[in-house]
Amino acid sequence: MPELPEVETVVRELRDGLQGRRIERMEALWSKTFQNINGRDVDGQRVRAIGRKGKYILLYLDDQDMIIHLRMSGQLLFTGARSQAPHKHDRLIFDLEGGERLVFRDARKFGRIYLVNEADSHLAHVGMDALDPRMTPSHFRNLLRQSRQGIKAFLLSQKGISGLGNIYVDEALFLAGIHPLTRCVSIKNPHELRTVILGVLTKAIDNMGSTISDYRNTRGNEGMNQHYFYVYGRQGLPCKKCGAIIVKARMAGRGTHFCPECQPEA
DNA sequence: CCAGCCCCCTGTCGGC
DNA sequence: TGCCGACAGGGGGCTG
């Protein structure tokens with residue numbers, strides 16, 4: 001479900017509603033969700049700071065770091081009253097000081113929450129965040145030079161650059177006029193692709209993310225960016241640039257949407 | 001190294 | 001209506 005813009009939207013809301021507050025008690029309703037690496041517990045700890053790397057949410061607690069990945073259907077929701085019974089899909093409950101409650105809801109049970117000593121070292125294998133200022137034009141160009149993968153597979157891999165998923169890869173490649181199977185090395189204008197990626201992600205953040213079915217922000221609201229897609233989910237409809245019919249095909253293991261005219265095969 | 005599977009799960013939708 | 005397969009914003013593991 002959530003890619004960088006959806007995760008960033010949630011992170012900004014958590015900075016508002018969770019940062020600086022104490023977790024009085026955590027309750028696990030589905031044991032697989034919570035992966036406790038070092039065996040300690042979070043009860044009584046304060047959330048000192050909140051960060052993000054790619055699609056990972058980082059909670060810096062007093063003594064440990066918590067890493068949250070929503071995967072396909074995970075949601076973090078402020079639900080208010082503690083008296084109400086848990087929702088069918090609630091996997092983890094955080095009772096916060098002051099009486100409010102933060103719930104991790106996840107229909108498909110793919111989401112994971114890790115308690116680790118240091119988040120940053122734990123995520124060292126994840127590529128640089130797409131919006132990191134160090135993702136300069138020359139750095140991005142070098143990443144493309146070093147990979148022999150197709151561009152869609154590379155951007156989805158989270159190696160080198162992290163945060164893009166199936167929606168925003170398809171949208172960015174369309175706007176850059178690049179066929180999804182183009183080899184990274186063969187991309188003529190990496191600078192332009194990087195610029196397009198930044199534009200696609202920041203516009204989606206401005207629109208509070210994209211909701212296809214499951215994504216909600218921490219208040220349970222849908223995003224708005226799904227109303228502005230060029231290709232994602234638009235198979236069979238005319239291209240907004242040239243009028244050709246948008247095609248959906250399986251590429252890099254995922255449903256892939258593109259315009260055969262605007263994104264010719266290399 | 002890379003592409004292509006499978007798996008982890010549940011819900012939804014289209015076809016018959 | 002009901003059943004059944006395909007598919008879904010992700011990612012880890014395995015094989016060829």
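Note that this is a predicted model, so its numbers are computed, not measured. Here is the naming used below: chain letters follow the sequence lines, and residue numbers restart at 1 for every chain.
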Dot-bracket for DNA chain B, please. Rules: Watson-Crick or G-U, both distances under 3.5 Å, ( ) within the strand, [ ] when a pair crosses earlier ones, | for another strand, . otherwise. .|||||||.|||||||
Could you tell me how far apart A/L164 (CG) and C/dG11 (C1') are, to the nearest whole angstrom? 15 Å
Tell me: CZ of A/F154 to P of B/dC2, nearest whole Å? 10 Å
Are A/E6 and A/Y168 linked by a side-chain donor-acceptor pair shorter than 3.5 Å? yes
B/dC9 to C/dG2 separation - P atoms, rounded to the nearest Å: 28 Å
Under 4.0 angstrom between A/K152 side-chain N/O and B/dC2 OP1 or OP2: no
Check the phosphate of B/dC5 against A/R250, side-chain N and O only, distance under 4.0 Å to OP1 or OP2. Yes or no? no
How about A/Y230: does its OH atom have over 12 heavy atoms from other parts shown lying under 6.0 Å from it? no
So if I take residues 104-123 of chain A and measure heavy-atom distances to DNA chain B, which residues fall below 4.0 Å? A/A107, A/R108, A/K109, A/F110
Quick one: label A/S213 by what it contacts on the DNA or RNA (base, sugar-phosphate, nothing), any heavy atom closer than 4.0 Å. base
For A/G165, answer base if it contacts any base atom (sugar-phosphate contacts may also be present), sugar-phosphate if it contacts only those atoms, and nothing otherwise; contact means non-hydrogen atoms under 4.0 Å. sugar-phosphate
So NZ of A/K55 and CG of A/L4: to nearest 0.5 Å the spacing works out to 9.0 Å
Within 45° of the ring axis of A/F174 and under 6.0 Å from its six-membered ring centre, is that where the NZ or CZ of A/K241 lies? yes
